[in-house]
Amino acid sequence: MFSFFERKRYLADYLHGLVDIHNHILPGIDDGAKTVDESIALLDGFAEFGATNFICTPHIMHNHYDNTPKSIEDAYKQLTFELKRKGLSDFNIDCAAEHMIDDNFENVLEYQKVMPLRTEYLLIEMSYLQPSFNFDAAVEQIAKHKYFPILAHPERYMYYHGKYGKYPSMKSNGILFQLNLLSLSSESYGSEVHKIAEKLLKDDLIDFVGTDVHNIRQLGLLKEIKVSKKTLNRLLPIIENTIQTFY
């Protein structure tokens with residue numbers, strides 16, 4: 001007999017082997033983990049469902065988190081040293097950054113202060129309040145520097161929710177989209193973000209996934225997310241593409 005109550009599946013059961021390309025695990029340099037112990041607690045929590053591969057992406061954000069390759073690499077060395085000291089050898093960790101498209105971004109790019117993912121991809125973001133006034137010019141400059149731009153969490157920019165055509169327009173300009181897995185429920189960012197996340201998946205506009213986990217609370221929310229079979233079937237090839245591209 002047909003049932004309207006489809007059994008949903010825990011998302012975490014399908015994240016074994018994921019390369020998490022967006023997270024705030026590095027200690028003490030942005031709004032993510034504050035200490036090495038917090039970083040390791042997050043890593044241990046991810047390992048519970050088989051996620052042990054990470055590209056850590058702290059913010060580079062002018063006048064908020066003025067990180068540089070040196071500050072990021074120092075935090076990375078601090079974490080990896082402590083993992084080695086504790087004999088925690090199961091984690092594969094690299095570092096990059098999440099770059100805010102702000103009034104200083106093009107200087108960061110021009111003076112080679114960016115931190116790409118695997119040498120050729122640049123993770124970028126905008127303010128949640130309004131689009132970056134220089135976004136199109138920044139994307140053009142990113143391409144000129146031979147990087148592929150990946151827009152972090154497009155579903156979270158609520159000013160585009162009522163202008164949905166902006167999403168395929170950005171895609172046609174060569175911008176790749178990274179979905180936050182936390183957006184696949186209403187608990188983290190609200191029902192409107194969840195709705196757009198599902199629509200972007202349905203419309204085949206998502207290229208990669210990441211967790212964007214900052215803390216233990218968010219990791220707990222990630223572990224509780226349940227998705228429909230339809231959503232899962234759309235998501236699994238994107239998870240695989242993320243692994244194949246960034247492993």
Side-chain angles (χ1 to χ4, degrees), residues 15 18-26 30 32 51 53-61 65 67 69 72 93-102 104-106 108-110 112-128 131-132 134-157 159-160 164 166-184 189 193 196-197 199-201 203-214 234-247:
L15 298 181
L18 174 70
V19 180
D20 185 10
I21 65 168
H22 184 182
N23 59 76
H24 297 270
I25 290 174
L26 289 187
D30 68 359
N53 300 296
F54 302 89
I55 304 177
C56 301
T57 53
H59 294 288
I60 294 179
M61 185 185 299
Y65 303 108
N67 281 308
I72 292 169
I93 299 176
D94 198 358
C95 61
E98 180 182 14
H99 305 79
M100 175 64 75
I101 303 300
D102 54 25
N104 193 51
F105 171 75
E106 289 182 47
V108 172
L109 180 64
E110 185 64 30
Q112 300 181 7
K113 300 294 186 180
V114 293
M115 292 285 287
L117 301 157
R118 296 289 189 262
T119 73
E120 56 188 330
Y121 296 90
L122 216 61
L123 186 66
I124 59 175
E125 66 171 336
M126 287 187 282
S127 165
Y128 299 123
S132 301
N134 58 331
F135 185 78
D136 292 341
V139 167
E140 187 176 320
Q141 289 302 312
I142 289 169
K144 285 183 178 179
H145 283 76
K146 303 190 184 306
Y147 295 115
F148 297 104
I150 302 176
L151 181 61
H153 42 60
E155 72 281 1
R156 296 190 65 191
Y157 305 115
Y159 40 80
Y160 289 146
Y164 189 81
K166 183 65 177 177
Y167 291 114
S169 175
M170 284 191 283
K171 293 285 294 183
S172 69
N173 286 333
I175 300 170
L176 302 166
F177 284 174
Q178 173 259 306
L179 178 81
N180 276 10
L181 292 173
L182 283 167
S183 297
L184 294 174
Y189 313 121
V193 170
I196 294 297
K199 183 166 176 55
L200 289 169
L201 278 175
D203 293 343
D204 280 331
L205 293 175
I206 299 298
D207 301 283
F208 306 114
V209 295
T211 69
D212 199 9
V213 159
H214 288 63
R234 291 169 179 152
L235 199 58
L236 287 176
I238 302 169
I239 292 172
E240 184 60 28
N241 185 48
T242 306
I243 294 170
Q244 292 298 321
T245 304
F246 294 104
Y247 185 75

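All residue numbers refer to positions in the sequence shown, counting from 1. Hydrogens, waters and symmetry mates play no part in the numbers below; they use all other heavy atoms, side chains included.
By the 4.5 Å heavy-atom criterion applied to side chains, L123 and F208 are not counted as neighbours. Y65 is not listed as a side-chain neighbour of E98, based on a closest heavy-atom distance of 4.5 Å or more. Using a 4.5 Å heavy-atom cutoff, the side chains of Y160 and M170 are in contact. Looking at heavy atoms from C-beta onward, L181 lies in side-chain contact with L15 at the 4.5 angstrom threshold. For the pair Q112 and H145, the minimum side-chain heavy-atom distance is 4.5 Å or more. P116 places a side-chain heavy atom less than 4.5 Å from the side chain of L122. The shortest side-chain heavy-atom distance between V139 and I175 falls under the 4.5 Å cut-off. Here the side chains of Y121 and T245 are in contact, with some heavy-atom distance below 4.5 Å.
Residue pairs meeting the salt bridge (charged side-chain N to carboxylate O under 4.0 Å, His left out) criterion with at least one member in residues 135-145, sequence neighbours excluded: E140-K144.
With rounding to the nearest 0.5 Å, the separation of CE in M126 from CZ in F135 is 4.5 Å. Atom CG of L109 and atom NE2 of H99 lie 8.5 Å apart (nearest 0.5 Å). I239 contributes atom CD1, which lies 13.0 Å from atom CD of Q244 (distance to the nearest 0.5 angstrom). Put simply, CG on L18 and CD1 on I243 are 6.0 Å apart, with the number rounded to the nearest 0.5 Å. Rounded to the nearest 0.5 Å, atoms CG (D207) and CG (L200) are 10.5 Å apart. The CG atom of L205 lies 11.5 Å from the CD atom of E155; values are rounded to the nearest 0.5 Å.
Side-chain atoms of N180 and Y189 include a donor-acceptor pair closer than 3.5 Å.
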field: side chain to side chain contact (heavy atoms under 4.5 Å, CB included) between M61 and E125, intermediate numbers included
entry: CA-CA 10 Å; M61 185 185 299; E125 66 171 336; 3.6 Å; yes

field: Worked verdict on V114 versus I142 for side chain to side chain contact (heavy atoms under 4.5 Å, CB included)
entry: CA-CA 10 Å; V114 293; I142 289 169; over 6 Å; no

message: side chain to side chain contact (heavy atoms under 4.5 Å, CB included) for R118 and D94? Distances and angles first, verdict last.
response: CA-CA 9 Å; R118 296 289 189 262; D94 198 358; 2.8 Å; yes

Pair I21-T57, side chain to side chain contact (heavy atoms under 4.5 Å, CB included): steps then yes or no: CA-CA 7 Å; I21 65 168; T57 53; 5.9 Å; no

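When all heavy atoms of R156 and S183 are compared, the closest pair comes out as CG-OG, 4.3 Å. Scanning both residues, D102 and N134, for their nearest heavy atoms gives O-ND2, 3.2 Å. The two residues P154 and L151 have their closest heavy-atom pair at CD-O, 3.6 Å. The two atoms that bring V19 and T242 nearest to each other are O-CG2, 3.5 Å, heavy atoms only. Closest approach of F177 to I150, counting heavy atoms only: C-CG2, 4.4 Å. The shortest non-hydrogen separation linking Q178 to V209 is CG-C, 4.0 Å.
The number of heavy-atom neighbours closer than 6.0 Å to OH of Y247, taken from other residues, nucleotides and ligands shown, is 12 or below.
The aromatic ring centres of H22 and F246 sit 6.0 Å or more apart.
Put simply, the side chain of N67 never gets that close to the backbone of I72: no donor and acceptor are under 3.5 Å apart. Looking only at distances, a side-chain donor or acceptor of D30 sits under 3.5 Å from a matching main-chain atom of G32.
Looking at residues two or more places apart in sequence or on another chain, you find a ring-ring contact (aromatic ring centres under 6.0 Å, His included) between H214 and H24.
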